[in-house]
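Because only heavy atoms are used, hydrogens play no part in the values below, and waters and symmetry mates are left out as well, while side chains stay in.
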Amino acid sequence: MWSNVISIDKSYDREIGYILKRLQSTKELSYAIEESQGRMWIYLASVCEKQDEVEEKLQGIFEVIFLSFLKLRFFLDKLRIRKMSHAKCALICSIVHFDREFESNVVSKVISGSLDYNIDGIMNFRLRSLSEGWQELADLANRLLDGCNSETDIYEIATFITGSEGKLNQLVLHHNSLRNLTCHKSVEVVDLFDSQEYNMLSAIIREKPSEILLEDCNFTAPMSATLKKIVRVIEK
């Protein structure tokens, strides 16, 4: 029998909701929850024959937790942005998803070397090299933001960051279903924000799009304008 435990501070409510949602859809895995006033433990168990498969799925979950949820929390705290807008969301998401491939490898190595999955402990100690790099990026972004006089300037920073890694993939969005046609995969839209449009914007930027085909989408004017600023849009 394979077993392990996830522990996390209960203040990370959005992260906990995501973890539990993903665990519920993992058929090979059983889990039980224990709580104290400030902390949650999720005890995991599976048959040994499914260990590799389960650990691979957990790896995907933790990558989203560390490099989407917790990285977003970091930059929302560090960036001098008072009121969110679609333009500012595009900028934040371009920063959050920047250097994803390298950071995914770092997370994978750290997780594979961990005896258990202490989420905030891993973030605060074993992934400190990432957060130190994020601080440098936040300092740079704040200096650039200080020179912004309009949302057009914010879009320019966002497109500069996303463009620096290349625009690689063709996407199609049908209602709320996003697919990467280049990689032949469905794209997960993670509930990082309270706004569904912001969540979709994050998912699109994460895929490094060169072009997106919109089918039966009913976006607000700010969302439509933002997409056209960051990617070639084809409406069907």
So which atom in [X] and which in [Y] form the shortest heavy-atom distance, rounded to 0.1 Å?
X: C48; Y: W2; answer: SG-N, 4.0 Å
X: A141; Y: I95; answer: CB-CD1, 3.8 Å
X: L201; Y: A90; answer: CD2-N, 3.9 Å
X: S7; Y: R39; answer: OG-NH2, 3.4 Å
X: M1; Y: A45; answer: SD-CB, 4.2 Å
X: I8; Y: D120; answer: CA-OD1, 3.5 Å

I want to check something: taking the side chain as every heavy atom from C-beta on, are [X] and [Y] in contact at a cut-off of under 4.5 Å?
X: F219; Y: L214; answer: yes
X: V96; Y: I205; answer: no
X: L58; Y: I61; answer: yes
X: E15; Y: I119; answer: no
X: F62; Y: S114; answer: no
X: R80; Y: L145; answer: no
X: S68; Y: E63; answer: no
X: S224; Y: E197; answer: no

Answer yes if the side chains of Y18 and R14 hold a donor-acceptor pair under 3.5 Å, and no otherwise. no
Do S46 and E28 get their side chains close enough for a donor-acceptor pair, meaning under 3.5 Å? no
Let me confirm one number: the [atom1]-[atom2] distance from [X] to [Y], rounded to the nearest 0.5 Å.
X: L72; Y: D77; atom1: CG; atom2: CG; result: 11.0 Å
X: I81; Y: I154; atom1: CD1; atom2: CD1; result: 6.5 Å
X: I212; Y: R232; atom1: CD1; atom2: CZ; result: 12.5 Å
X: L79; Y: L137; atom1: CG; atom2: CG; result: 8.0 Å
X: N176; Y: Q196; atom1: CG; atom2: CD; result: 5.5 Å
X: I92; Y: K71; atom1: CD1; atom2: NZ; result: 12.5 Å

Can you name the residues that form a side-chain contact (heavy atoms from CB on, under 4.5 Å) with [X], not counting sequence neighbours?
X: D116; result: N4, V5, N118
X: Q135; result: F74, K78, A138, D139
X: K228; result: V233, E235

In a table with atom names and distances, give each donor-acceptor pair under 3.5 Å that connects a side chain of residues 178-185 to protein atoms at least two apart or in another chain.
residue, atom, partner, partner atom, Å
R179, NH1, S186, OG, 3.2
R179, NH2, H184, O, 3.4
N180, OD1, T182, N, 3.0
N180, OD1, C183, N, 2.9
N180, ND2, E207, OE1, 2.8
T182, OG1, Q170, N, 2.8
H184, ND1, L181, O, 3.4

Inspect the surroundings of [atom1] in [X] and state if more than 12 heavy atoms from other residues, nucleotides or ligands are less than 6.0 Å away.
X: K57; atom1: NZ; value: yes
X: N105; atom1: CG; value: yes
X: K21; atom1: NZ; value: no
X: E35; atom1: CD; value: yes
X: Y43; atom1: OH; value: yes

Can you check whether [Y]'s main-chain N or O pairs, donor with acceptor, with [X]'s side chain at less than 3.5 Å?
X: D216; Y: H174; result: no
X: K88; Y: K83; result: yes
X: T226; Y: P222; result: yes

Kindly write out the residues that satisfy side-chain hydrogen bond (donor to acceptor under 3.5 Å, both in side chains) with N149, not counting sequence neighbours, or none if the list is empty. none
Name all residues meeting the salt bridge (charged side-chain N to carboxylate O under 4.0 Å, His left out) criterion together with D153; count only those two or more places apart in sequence or in a different chain, and write none if there are none. none
Any ion pair linking R22 and E188 (charged N to carboxylate O, less than 4.0 Å)? yes
Same apolar cluster: F69 and V106, side chain cutoff 4.5 Å: yes
